[in-house]
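Written out below as structure tokens is the structure these notes cover.
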Amino acid sequence: VLYVGANDGMLHCFDAATGEELWGFIPYNLLRKLRNMYGVDAANNTRYYVHDSYCDGTPSVADVQIAGAWRTVLVTGQGPGYGTTLGGGLNYYWALDVTDPSNPQPLWETSHTYVSGNRTYRTMGETWSTPAIGKVNHSGTARWVAFMGSGYDNDSSYNVGRRFYVIGIDTGEVIRYTPEITQVATNSLTGARSAYSYPDIVATIPGSPTAVDLDRDGFLNSVFVGDLDGRLYRMDVTGTNPSGWTLTAIYTDYRYYPI
């Protein structure tokens with residue numbers, strides 16, 4: 001089968017041999033938003049198309065173990081397709097159990113916020129990453145997880161898009177979210193780089209990570225991902241405590257061009 005997200009608010013599943021559509025799935029956080037695509041002209045009561053973004057992410061599909069049983073799961077973001085007030089107006093990643101491709105089962109939808117003082121802060125921007133899926137040792141237990149960035153900064157009211165997430169495939173729990181990455185003011189570079197100054201952009205992590213099992217023991221060792229200030233990071237996930245899973249920059253582009 002073939003899974004494709006679309007701007008009609010659905011993830012579609014097609015039979016790869018015949019091209020026949022088997023089903024379409026609408027994530028919960030987008031339900032109330034579907035009506036936005038058709039405006040109404042008050043003068044003559046006719047409908048017209050209004051462009052918006054819905055299921056614009058690229059899905060990742062993998063075989064994982066949940067509660068000791070092998071399942072096939074699909075995990076995807078929505079690109080710039082943020083949810084409605086029904087979903088808190090947030091950006092989301094979500095998952096389906098597609099073990100039976102003709103009968104998908106929703107697993108979870110997740111975003112991320114945290115509370116400081118009396119205020120709730122968003123951290124997740126546009127969800128562009130194609131998730132990397134693999135097995136880690138989580139506090140002494142083998143657990144399948146998904147790694148993804150936090151996307152472009154699409155909300156000037158919050159510092160969104162500047163973190164990296166590890167999410168449990170079984171529950172959608174955010175096991176680890178990293179501290180915010182630092183910002184480089186590319187519009188005011190100094191020293192030998194001063195000649196290369198260019199308009200500044202917010203450094204975020206919209207790209208897709210790559211996960212590697214270096215010793216082929218079935219457990220991931222490292223995850224690699226880039227940011228918009230030209231840094232390539234490595235996350236070492238060999239430890240059992242997620243608090244130790246941090247991003248370490250192993251390469252920085254001389255002119256800080258986005259990766």
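Numbering of residues begins at 1 and proceeds along the displayed sequence.
What you find for Gly151 and Thr204 is that their closest heavy atoms are O-CB, 3.0 Å. The two residues Trp128 and Asp56 have their closest heavy-atom pair at CZ3-O, 3.9 Å. The minimum heavy-atom distance between Asn7 and Met37, with the atom names listed, is O-CE, 4.0 Å. Scanning both residues, Ile181 and Ala203, for their nearest heavy atoms gives CD1-O, 3.4 Å. Minimum heavy-atom separation, Met148 to Ile167: SD-CD1, 3.5 Å. The nearest pair of heavy atoms linking Tyr3 to Cys13 is CE2-SG, 3.6 Å.
The closest donor-acceptor contact from the side chain of Ser197 to the backbone of Leu189 lies under 3.5 Å. The backbone N or O of Thr178 lies less than 3.5 Å from a partner atom in the side chain of Arg163, making a donor-acceptor pair. A donor-acceptor pair is defined here as one N or O able to donate and one able to accept, closer than 3.5 Å; such a pair exists between the side chain of Asp153 and the backbone of Asp155. Judged purely by atom type and a 3.5 angstrom limit, Thr240 has no side-chain atom pairing as donor or acceptor with the backbone of Ser139. Checked by atom type and distance alone, the side chain of Asp15 pairs as donor or acceptor with a backbone atom of Thr18 at under 3.5 Å. Side-chain atoms of Ser60 come within 3.5 Å of backbone atoms of Pro131 as a donor-acceptor pair (strictly under, hydrogens ignored).
In terms of the ring-ring contact (aromatic ring centres under 6.0 Å, His included) criterion, residue partners of Tyr198 (sequence neighbours excluded) are, by chain and number, Tyr257. For Thr72, the side-chain contact (heavy atoms from CB on, under 4.5 Å) criterion is met by Val61, Asp63, Val98, Thr99, not counting sequence neighbours. Scored by the salt bridge (charged side-chain N to carboxylate O under 4.0 Å, His left out) test, Glu21 finds no partners at all (sequence neighbours excluded). Among residues two or more places apart in sequence or in another chain, the side-chain hydrogen bond (donor to acceptor under 3.5 Å, both in side chains) test is passed with Gln78 by Asn29, Trp94. Scored by the side-chain contact (heavy atoms from CB on, under 4.5 Å) test, Asn187 finds Ala185, Asp200 as partners (sequence neighbours excluded). Under the side-chain hydrogen bond (donor to acceptor under 3.5 Å, both in side chains) criterion, Tyr165 pairs with Thr123, not counting sequence neighbours. Residues that satisfy the side-chain hydrogen bond (donor to acceptor under 3.5 Å, both in side chains) test with Gln183, not counting sequence neighbours, are absent from this structure. With sequence neighbours excluded, the residues satisfying ring-ring contact (aromatic ring centres under 6.0 Å, His included) with Trp144 are Trp70. Contacts of Asp8 classified as side-chain hydrogen bond (donor to acceptor under 3.5 Å, both in side chains), with partners at least two apart in sequence or in another chain: His12.
Side chains of Ser129 and Pro206 form no contact here, defined as non-hydrogen atoms less than 4.5 Å apart. Looking at heavy atoms from C-beta onward, Ile259 lies out of side-chain contact with Asp253 at the 4.5 angstrom threshold. Between Val212 and Leu220, every side-chain heavy-atom pair lies at or beyond the 4.5 Å cut-off. The shortest side-chain heavy-atom distance between Thr246 and Met235 does not fall under the 4.5 Å cut-off. Between Val145 and His138, the closest side-chain pair of non-hydrogen atoms is not below 4.5 Å. Tyr28 has its side chain out of reach of Pro106: every pair of non-hydrogen atoms, C-beta onward, lies at least 4.5 Å apart. Two residues are said to be in side-chain contact when any heavy atoms from C-beta on lie closer than 4.5 Å; Thr171 and Trp108 fail this criterion. Two residues are said to be in side-chain contact when any heavy atoms from C-beta on lie closer than 4.5 Å; Ile169 and Ile66 meet this criterion.
In this structure, Leu90 is not a member of the same hydrophobic cluster as Val160, with clusters built from ILVMFWY side-chain heavy atoms closer than 4.5 Å. Hydrophobic clustering (side-chain heavy atoms under 4.5 Å, transitive across Ile, Leu, Val, Met, Phe, Trp, Tyr) keeps Ile175 apart from Tyr177. Leu2 is not connected to Leu22 by any chain of hydrophobic side-chain contacts under 4.5 Å among Ile, Leu, Val, Met, Phe, Trp and Tyr, and they are in different clusters. The hydrophobic cluster containing Leu30 does not contain Met124, counting ILVMFWY residues as joined when their side-chain heavy atoms lie under 4.5 angstrom apart, directly or transitively. A continuous path of hydrophobic side-chain contacts links Val73 to Val174 [ILVMFWY only; heavy atoms under 4.5 Å].
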Does Lys33 form a side-chain contact (heavy atoms from CB on, under 4.5 Å) with Tyr82? I'd like the steps, not just the answer.
CA-CA 9 Å; Lys33 192 176 178 182; Tyr82 63 89; 4.1 Å; yes

Please test Asn91 against Tyr152 for side-chain contact (heavy atoms from CB on, under 4.5 Å), starting from the C-alpha separation and ending with a verdict.
CA-CA 11 Å; Asn91 297 90; Tyr152 290 109; over 6 Å; no

Could you walk me through whether Trp245 and Val136 pass the side-chain contact (heavy atoms from CB on, under 4.5 Å) test, one step at a time?
CA-CA 11 Å; Trp245 301 347; Val136 296; 3.7 Å; yes

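Note that OH of Tyr114 and OH of Tyr121 are 6.0 Å apart. Values are rounded to the nearest 0.5 Å. Here the CG atom belonging to Asn137 is positioned 6.0 Å from the CZ atom belonging to Phe219, to the nearest 0.5 angstrom. Distance check, rounded to the nearest 0.5 Å: CD1 of Ile205 to CD of Glu180 gives 10.5 Å. Remark: Ser243 OG to Arg176 CZ distance equals 6.5 Å, nearest 0.5 Å. Here the straight-line distance linking atom CD of Gln105 with atom CZ of Phe25 works out to 9.5 Å at 0.5 Å rounding.
Applying the under-4.5 Å side-chain rule to Ile, Leu, Val, Met, Phe, Trp and Tyr, the cluster around Tyr48 extends to Val50.
Atom CG of Asn118 is surrounded by 12 or fewer heavy atoms from other residues, nucleotides or ligands within 6.0 Å. Heavy atoms from other residues, nucleotides or ligands lying under 6.0 Å from CZ of Arg193 number more than 12. Atom OH of Tyr254 has more than 12 neighbouring heavy atoms from other residues, nucleotides or ligands inside a 6.0 Å radius.
The side-chain hydrogen bond (donor to acceptor under 3.5 Å, both in side chains) pairs that include a residue from residues 212-225 are Ser222-Arg234, where partners are two or more places apart or lie in different chains.
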Pair up each side-chain donor or acceptor in residues 223-231 with any protein partner under 3.5 Å, not counting sequence neighbours, and list the distances.
unit_1, atom_1, unit_2, atom_2, d
Asp227, OD1, Asp229, N, 2.9
Asp227, OD1, Gly230, N, 3.2
Asp227, OD1, Arg231, N, 3.0
Asp227, OD2, Arg231, NE, 2.8
Asp227, OD2, Arg231, NH2, 2.9
Asp227, OD2, Tyr233, OH, 2.7
Asp229, OD2, Val184, N, 2.8
Arg231, NE, Tyr233, OH, 3.0
Arg231, NH1, Thr182, O, 3.4
Arg231, NH1, Thr182, OG1, 2.9
Arg231, NH2, Thr182, O, 2.6

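For the side chain to side chain contact (heavy atoms under 4.5 Å, CB included) with Leu107, the lone residue among Leu96, Asp97, Val75 that qualifies is Asp97.
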